[in-house]
Amino acid sequence: MKLQSVRGMNDVLEPQIFLWQAIESRIHDLYRQFGYVEIRTPIVEPTALFKRGVGEETDVVEKEMYTFEDRNGESLSLRPEGTAAVVRSMIEHNYLRENPVSKFYYIAPMFRHERPQKGRYRQFHQYGVELLGSPDASSDAEVIALHSLLYTDLGLKGVELRLSSIGCNDCRPAYRTLLSGLLEKELANLPEDFHKKIHTNPQRVFDLKNEGAKVVASKLPKVLDHLCENCRVHLNGLKNRLKDLGVPFELDPSIVRGLDYYNRTAFEFTSSHLGAQSAAGGGGRYDSLFENIGGKATPAVGYAGGMERLIMLLEDSNPAKRPRPIVYFVGVDEAGLQRCEPLCFELDAKACIARSSMRRNPSKLS
Ligand code: HAM
């Protein structure tokens, strides 16, 4: 049997690797410039973290995790995303006691057993930030504006910011009950595998791709008309802050993030150049996640984008395919080759890529 890489998991080879390196370096610089500190958490976590953090009823946990028992019989999973692990780490190290508002970033591989297609892989990489400890709309604005800046800075065209609020524990239950009641009357127009979600997560109707479901969704009441006063004030604060920062956005109440931990702010950067998988990245506020996984109530907001999708968007206009000039030295004989090697070293030190080799047949050299 020919050994190949696992389906949906890719090698990154030259010349693409140059673009990866250039972008990663830009992302590291930008995040650090804004006071975010890198965090590295393990690739493998207890399965329970994602069940409680991301939500047992989400597609990610229900169908897409790489879960296995280790030799001690403990259920472990390859992380499908980064947020739950960052929060787990904060709780474990009681980190926020000394640093009540903390800002972290990561660029790291994630794993989801999805059907591979363009822009969707089983191992993919996310760059992202988590701003922990602040309930203020200005923190949401910072996270959003930072990525708007990143995309402008990288010269991405056609990237749009779609913004919504999905309410909080005060206003969401009533809105969900309203949706569930209306959806019960539309069973015939909704895909069967969605029927069980009508009561557990009816808002996911806005994410269905099926034509009949899209018609149903278009007639449903919109979440933005059912926010409580506090959520409305928060969203208005965020909108004003984004305007102050010159970040254009479009309000889109059909945004439902695929992970259960969000409340209030939900947003995505999308690009029509990405095809069916149009989300360059997504994020939002998650004020209940700390408590859900055993910590103290802590407000937080974050965002993650997909590296592969960013690479796709940049590939055509890639100025960094060859970040360094390549210089070749050919030694016509052993003595010549010996002279080449220090020259290569000297050029490498000056950030060229230098290679030396010995000409096989010096007599043919004109
Ligand atoms: P997410 O929307 O599930 O959010 O993923 C964020 C981004 O990761 C997506 O918009 C997409 O660009 C990329 N992505 C997701 N799945 C795949 C895949 N199978 N193949 C390629 N790219 C993919 C989160 O994961 C949240 N943790 C984001 C967040 C951070 N929210 C708060 N803080």
Side-chain angles (χ1 to χ4, degrees), residues 1-32 38 40 43 66 78-79 82 105-128 147 150-159 269 271 273-277 279-281 304-332 336-361 365:
M1 194 181 70
K2 202 162 118 198
L3 284 176
Q4 287 187 310
S5 66
V6 176
R7 191 161 124 80
M9 304 198 181
N10 302 312
D11 300 316
V12 184
L13 302 176
E14 185 267 356
Q16 250 198 354
I17 192 67
F18 296 135
L19 183 55
W20 278 75
Q21 288 171 331
I23 295 173
E24 281 172 3
S25 149
R26 183 68 196 107
I27 293 174
H28 278 288
D29 287 350
L30 187 74
Y31 284 163
R32 285 196 290 242
E38 187 177 2
R40 297 188 190 184
I43 282 173
Y66 282 88
L78 300 189
R79 62 178 172 210
Y105 81 86
Y106 46 85
I107 306 177
M110 309 289 163
F111 303 83
R112 295 184 193 177
H113 194 274
E114 297 194 76
R115 199 163 44 79
Q117 62 183 79
K118 190 165 176 248
R120 198 209 267 156
Y121 310 100
R122 291 182 172 170
Q123 173 173 325
F124 58 99
H125 299 74
Q126 286 185 342
Y127 54 94
H147 291 91
L150 172 69
Y151 297 143
T152 310
D153 200 57
L154 290 172
L156 289 196
K157 303 231 163 38
V159 175
F269 281 95
S271 168
H273 300 295
L274 282 171
Q277 305 303 314
M307 270 302 279
E308 286 77 3
R309 296 188 191 178
L310 189 51
I311 299 285
M312 273 167 59
L313 288 172
L314 285 165
E315 228 154 18
D316 299 336
S317 60
N318 172 12
K321 272 189 182 152
R322 295 223 177 271
R324 307 200 285 174
I326 297 188
V327 178
Y328 287 95
F329 290 95
V330 180
V332 291
L337 185 63
Q338 267 175 25
R339 283 209 50 209
C340 290
E341 275 162 7
L343 286 172
C344 280
F345 188 83
E346 208 177 304
L347 280 179
D348 270 340
K350 292 199 165 81
C352 283
I353 297 175
R355 300 272 172 273
S356 67
S357 64
M358 194 162 79
R359 178 87 196 191
R360 287 247 164 91
N361 190 348
L365 207 65

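Values below: every heavy atom of this structure, side chains too, minus hydrogens, waters and symmetry copies. Bear in mind the structure is a predicted one, so any value in this text is a computation, not a measurement.
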How many angstroms lie between [atom1] in [X] and [atom2] in [Y], if you round to the nearest 0.5 Å?
| X | Y | atom1 | atom2 | value |
| --- | --- | --- | --- | --- |
| D29 | L150 | CG | CG | 11.0 Å |
| Y105 | L30 | OH | CG | 10.5 Å |
| M110 | I43 | CE | CD1 | 9.0 Å |
| Q126 | Y106 | CD | OH | 5.5 Å |
| Q4 | D11 | CD | CG | 10.5 Å |

Fill in: Exceeds 12 heavy-atom contacts within 6.0 angstrom, atom CZ of R32
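Yes, the 6.0 Å shell around CZ holds more than 12 heavy atoms from other groups.
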Minimum-distance pair of heavy atoms, taken over all atoms of [X] and [Y]:
| X | Y | result |
| --- | --- | --- |
| M307 | I23 | CE-CG2, 4.2 Å |
| Q117 | A276 | NE2-CB, 4.0 Å |
| Q277 | K118 | CG-O, 3.5 Å |
| I107 | E24 | CD1-O, 4.0 Å |
| C340 | V330 | SG-C, 4.2 Å |
| R7 | P116 | NH2-CD, 3.4 Å |

Would a distance-only check, ignoring hydrogens and angles, find a side-chain to backbone donor-acceptor pair under 3.5 Å from [X] to [Y]?
| X | Y | value |
| --- | --- | --- |
| R309 | A280 | no |
| R79 | P109 | yes |
| R122 | E114 | yes |

Fill in: side-chain hydrogen bond (donor to acceptor under 3.5 Å, both in side chains) against E38, all qualifying residues, sequence neighbours excluded
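Scan of E38 (side-chain hydrogen bond (donor to acceptor under 3.5 Å, both in side chains), adjacent residues dropped) gives R40.
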Fill in: Test side-chain contact (heavy atoms from CB on, under 4.5 Å) applied to L310 and I27, step by step
CA-CA 11 Å; L310 189 51; I27 293 174; 4.2 Å; yes
Worksheet entry | Residues M312, H273; criterion side-chain contact (heavy atoms from CB on, under 4.5 Å); working and verdict | CA-CA 9 Å; M312 273 167 59; H273 300 295; over 6 Å; no
Side-chain donor-acceptor pairs under 3.5 Å in residues 152-159, sequence neighbours left out?
{"unit_1": "T152", "atom_1": "OG1", "unit_2": "S148", "atom_2": "O", "d": "2.7"}
{"unit_1": "D153", "atom_1": "OD2", "unit_2": "R26", "atom_2": "NE", "d": "2.4"}
{"unit_1": "D153", "atom_1": "OD2", "unit_2": "R26", "atom_2": "NH2", "d": "2.8"}

Worksheet item: By side-chain contact (heavy atoms from CB on, under 4.5 Å), which residues pair with E308, not counting sequence neighbours?
Response: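 For E308 the side-chain contact (heavy atoms from CB on, under 4.5 Å) partners, ignoring immediate neighbours, are W20, Y121, F124, H125.
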Practice prompt. Describe, in one word, how the ring planes of F269 and H147 are oriented to each other, choosing from parallel (under 30°), tilted (30 to 60°) and perpendicular (over 60°).
Written response: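 Aromatic pair F269/H147 classed tilted.
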